[in-house]
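Quick one: this structure, given as structure tokens, is what I'll be asking you about.
We name chains A, B, ... by the order of the sequence lines, and we start the count at 1 in each one. Computed from a prediction, not measured in an experiment: that's the story for all the values here.
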Amino acid sequence: MADKLFGKAMKRVEDPRFITGTGNYTDDMTLPGMVHAAMVRSPYAHARIKKIDVSKARSYPGVLAVITGQEMKDAGINGIPTGWLHPGIKTPPHYAITFDKARHVGDIVAAVIAETRQIAEDAAELVEVDYEPLPAVALGSDALKPGAPAVHDDVPDNVCFTWSIGDKAAVDAAFASAHKTVKLNLRNNRLVPNAMEPRASLAQYLKASDEYTLWTTSQNPHIHRLLIAAFIMGIPEHKLRVIAPDVGGGFGSKIYQYPEEIIVLYAAKKLNRPVKWTARRSESFVTDSHGRDHETVAEMAVDQSGKITAVRVDTIANMGAYLTTFAPAVPTYLYGCLLAGTYTTPHIYCHVTAPFTHTTPVDAYRGAGRPEATYLLERLVDVMAHELGMDPVEFRRKNLIPPDAFPYQTPVALQYDSGNYEANLDKALELVNYKALRQQQEEWRKQGRYMGIGVITFIEACGLAPSALVGSLGAQAGQWESALVRVMPTGKVEVFTGTHSHGQGHETAFAQVVADELQIPVEDVVLVHGDTGRMPYGWGSYGSRSAPTGLSAIVLATRKIIDKAKKIAAHLLEASPDDIVHEDGKFMVKGVPDKAKTFFDIALMAHLAHNYPADLEPGLEATHFYDPKNFVFPFGTHIAVVEVDPDTGKVKLLRYLSVDDCGPVINPLIADGQVHGGVAQGLGQALLEEAVYDKEGQILSGNFLEYTLPRADDMVQIEHDHTVTPCPHNPLGIKGIGEAGTIASTAAVANAVMDALRPFGIVHLDMPYTPEKVWRAIQATKPLSQAAD
Amino acid sequence: MYTAEFTYKKAGSISEAISLLQQHPDAKLLAGGHSLIPTMKLRLASPPALIDISKVAELRGVRLEGDHLVIGAMTTYHELETSDLLKQHCPIIPQAVHLIGDPMVRAKGTIGGSLAHADPAADLPASMLALDAKIKVQGPGGARVIAADNFFTGMFSTAMQEGEILTEVHVPVRAGARMAYAKFPHPASRYAVVGVAVVADGGSVRAAVTGAGEHAMRLSKLEQALAGKPLTAENITAACQGLLPPDHLNHDLVASKEYRAHLVDVMARRALMQAAGL
Ligand SMILES: Cc1cc2nc3c(=O)[nH]c(=O)nc-3n(C[C@H](O)[C@H](O)[C@H](O)COP(=O)(O)OP(=O)(O)OC[C@H]3O[C@@H](n4cnc5c(N)ncnc54)[C@H](O)[C@@H]3O)c2cc1C
């Protein structure tokens, strides 16, 4: 048997098809008789729809139907529900096609179905909508002002929900008796997810069997099937198959149930033709759920000894016009519960107000709540360290949760199962040579060069679990995962997972683990995912859950296979199952290596069942449903080094180093890749990206000419290493790594930029640190060094 | 498949292109397509016909003719960037071109397309002004030459007339001239927020800026301040102050008028420092 594959930097098996353009994405598919949908979208953020005249569009040659919201409502199609509820939450209906009012730019007011996409788009321009534009509100805090225009008539104050966690009285008392306090008003900028593949959906209806198939860009096809079947369209769940084929990136934005999926399903039945819709990039900008968008007052208190005694946070979290699938969970349980970070802060209180606004809905975007929490906490820590005259690293060290404190109960519900933060910090400091960096910074400052160093430590809670807990917190979904491992007569293995890979390399990493467990060549294993017609059930991929939850299920299923294989081997070898060992790819009688059967022998006999134990079922497959005992808690230290050009305000990244702890690393190539991409995304938020709305609710940065994504030349070669602290409660000790880079890097880069600007006396700026913003801040001050000479 | 429908014609020569333009009212010339096609996809333009001149042989290539270089309008950025003649006699063009877009854009985009399009944020117009280039156009009534100084007349507008084709760019060769282009790219589009081109020849400096206003323009205040002066760091720094009043400058999400005005000073200084080898 070959060496273990766990830990090997295997090249991804998915890459040949992706990089040769032979992947199979939704938009690549063509079905016989297929027709095309184009959406008519509101150009206004808020408008009453007085009249829709579809006659011109309907009579345009090649047009098959023009569908309105009223038609769909009359046909009994319900609104799209949210998947997470808080006590008292307002859940106004979200119809796939709106019929009374448009509530954000891009809200769908009609859909045109035509023989070709060209005709559909041409005809969409002919739908005449008589709008009465109404005043709109884009900023969360503006939506909460008295007299602000209401997004939904039945929520006149725009408050979707309020939420809080922690002991407010204890926190207030800690502030009252604090040695020092700091307070920051910060804005966590709104981001557009921008997956490389735009969303697309293709629906087919088979009249004879009354069955639907939906191919769609999804991270979690079962969630779509459940929502569509049970809530929105009333299709019996077994009559709807949802397939998420190759998906080109999601970052959260492809978790949600979107209107277009409902529209193509409805149209496919209405016309009895397959219907496809693919987003144009300009549609993606205004309809893929956005991320972040917080306005926050954050405070920290310390005692005489420099120990953090309390953190108090008040956040306005913009929900946008409608609640998408997990929106209510993001600025609450994925945010407030993370405010202990890596620190021993005894008292934490977080209050959140979530208003509706006339903007694109906001939901989970890579990191989801945790980047927001990490950013504000690590900003507070740096500002406080400076206030205390302490090196920010030493201030952190003083407050880190010590390794012997685990399991560690935070004051905000989470119980961290394991961690070793200081060792991780020290490793990063040593790799980056922190002391030398600080010296270099001193020297540069004397020369009028402004280097900044941002060091942050972070934890993330991912792999939400167990199901009973998340259910008690408001989830309308389970958070366990299923696996089906099916061995074929030839010994080849199909592994079915309810998680979905859309860039994470599961087909490679999961196969490595299965090959190890079954002691077979990795080429003999194929991972099947993304099809409700093929896997038992599953909740999909988000929140870095696929490895800790999905792969754990797979491992436990493979162990059932091995147990059964041992029984078959024992029968064939005329031994007791207890005497069978699974070694070197063989099942053999302990101590008698030549009495052995290969995996192939066993697989074949399991299917032939000719010479077979009387009391054993034939076949060789196993299903496992795995509900984790707790979240997993990856952590790490990220260090950014930047230089600010005081002439232009431009920030340049000089170095980026991370030491992540995601437990044992299955495939370092993939794990590092996840960190690299995540770091770039987080840097994007800190330096470049912002969905800017004007007062009328128009997005001003709604295309790639204005919205700045990070590019290769914005990045540096990332220096990356690991520490390994296994998770104590899953079979492999693994933790997630998909979001760590994004959760950490925004804060690290932000702290670095603020550190660079310290000689100017600048304490805080809101992201993104665009050149003009930084230049203006510098203009408003005078560098201390220059003032001195 | 996003554009409206249009007819496609491929011209084999300048004269054919001119007559095709006459036959197809409201037709557009197609060069590299890197400005035209995106606007058509967004349906900001829906010309009924495109006349492709990108492969017309007489419109391509760089050659030396006496005291000036002749650049065919359909010469691609990539060809400009790698032209030995330009590197030797007019290095500012390869330098500026290298900062345009990405390799794909440079493989297709052309100097003629860029100048004819006259995007206020395009890079090459600044160098054309600083080099005192002449732009040759040809129409049904014959050919004429327009000085770069008179060519750019507004946002996306030039001194060319309906039916005319930009055929050549003539750049005087100045032995010993020092030249450089400094660009502050838009972080998203990478077009010039501000780009300053300078050509220093003997005691005189020609300088021009793109991105700052409605079209590329000379920086006469800078030229006057440096006239007859050696290009020392002190002289350069002193000259690059308040070169343009902010009032009439462009403003957008990336740069306000005031910031743009400041960037003009900074980019002018950087271009001059580079030209002077400082
Ligand atoms: C991603 C991207 C990034 C870019 N970045 C930059 C950048 O950083 N800096 C920059 O300067 N530009 C940039 N551009 C624009 C690019 O330089 C264009 O190629 C250029 O502006 C137009 O040249 P073209 O050959 O593609 O012309 P086309 O797009 O084919 O034509 C442009 C216009 O000029 C007309 N036209 C073309 N040729 C002639 C002619 N001979 N006579 C008369 N009219 C003519 C056409 O009819 C059309 O109206 C970018 C473009 C893209 C897509």
*If you draw a 6.0 Å radius around CD in E5(B), do more than 12 non-hydrogen atoms from other residues or ligands fall strictly inside?*
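Open.
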
_Treating R206(B) as the side-chain partner and L129(B) as the backbone partner, does any N or O pair qualify as donor plus acceptor under 3.5 Å?_
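Yes; judged by distance alone, with no hydrogens or angles, the pair exists.
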
*Would you say D766(A)'s side chain and R187(A)'s backbone share a donor-acceptor pair under 3.5 angstrom?*
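Yes, the answer is positive, given that a donor and an acceptor are paired below the 3.5 Å cut-off.
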
*Sort by residue number and list every member of residues 644-651 of chain A having a non-hydrogen atom under 4.5 Å from chain B.*
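Those residues of residues 644-651 of chain A which have a heavy atom under 4.5 Å from chain B are D645(A), D647(A), T648(A), K650(A).
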
*From the options E260(A), E125(A), E121(A), select the one residue that forms a salt bridge (Lys or Arg N to Asp or Glu O under 4.0 Å) with R41(A).*
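Only one of E260(A), E125(A), E121(A) forms a salt bridge (Lys or Arg N to Asp or Glu O under 4.0 Å) with R41(A), namely E260(A).
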
*Would you say the side-chain atoms of H34(B) pair up with the backbone N or O of G32(B), donor to acceptor, closer than 3.5 Å?*
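Side chain of H34(B) to backbone of G32(B): a pair is present.
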
_Take a 6.0 Å sphere around NZ of K652(A) and say whether it holds more than 12 heavy atoms from other residues, nucleotides or ligands._
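It does not: K652(A) NZ has 12 such atoms or fewer within range.
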
_Is D694(A) close to chain B through its backbone or its side chain, or both, or neither, when contacts mean heavy atoms under 4.5 Å?_
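Nothing of D694(A), per the 4.5 Å heavy-atom cut-off to chain B.
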
_Using a 4.5 Å heavy-atom cutoff, which residues in residues 268-278 of chain B come close to chain A?_
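Hits under 4.5 Å: R269(B), R270(B).
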
*Which residues from residues 229-260 of chain B are near chain A, with near meaning under 4.5 Å between non-hydrogen atoms?*
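Hits under 4.5 Å: L253(B), V254(B), A255(B), S256(B), E258(B), Y259(B).
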
*For N703(A), is it the side chain, the backbone, both or neither that has a heavy atom under 4.5 Å from a heavy atom of chain B?*
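When you check distances to chain B, no heavy atom of N703(A) falls under 4.5 Å.
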
*Any donor-acceptor pair under 3.5 Å linking the side chain of R106(B) with the backbone of T76(B)?*
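No; zero donor-acceptor contacts below 3.5 Å.
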
Let me check something: any side-chain donor-acceptor pairs from residues 683-691 of chain A under 3.5 Å, sequence neighbours excluded? List them with distances.
residue	atom	partner	partner atom	Å
Q685(A)	OE1	R292(A)	NE	3.3
Q685(A)	NE2	N188(A)	OD1	2.6
Q685(A)	NE2	N189(A)	O	3.2
Q685(A)	NE2	N189(A)	OD1	3.0
E689(A)	OE1	Y707(A)	OH	2.6

*Residue pair P274(A) / L202(A): nearest heavy atoms and the distance that separates them*: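 Minimum heavy-atom separation between P274(A) and L202(A): CB-CD1, 4.3 Å.
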
*Closest approach of L765(A) and I762(A), non-hydrogen atoms and distance?*
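Minimum heavy-atom separation between L765(A) and I762(A): CG-CG2, 3.9 Å.
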
*Is a side-chain N or O of E223(B) found less than 3.5 angstrom from the main chain of A207(B), in a donor-acceptor match?*
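Looks like yes, one N/O pair under 3.5 Å.
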
*Donor-acceptor pair, side chain of N318(A) and main chain of A138(A), under 3.5 angstrom*: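 Yes; at least one donor-acceptor contact below 3.5 Å.
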
*Hey, is the main chain of D27(A) close enough, under 3.5 Å, to the side chain of K276(A) for a donor-acceptor pair?*
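Pair found, side chain donor or acceptor close to backbone of D27(A).
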
*Closest heavy-atom contact between F285(A) and V192(A)?*
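Scanning both residues, the minimum pair turns out to be CD2-CG1, 3.7 Å.
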
_If you count heavy-atom pairs within less than 4.5 Å of chain B, which of R280(A), K773(A), R776(A), E772(A) leads?_
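Top option by heavy-atom pairs under 4.5 Å: E772(A).
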
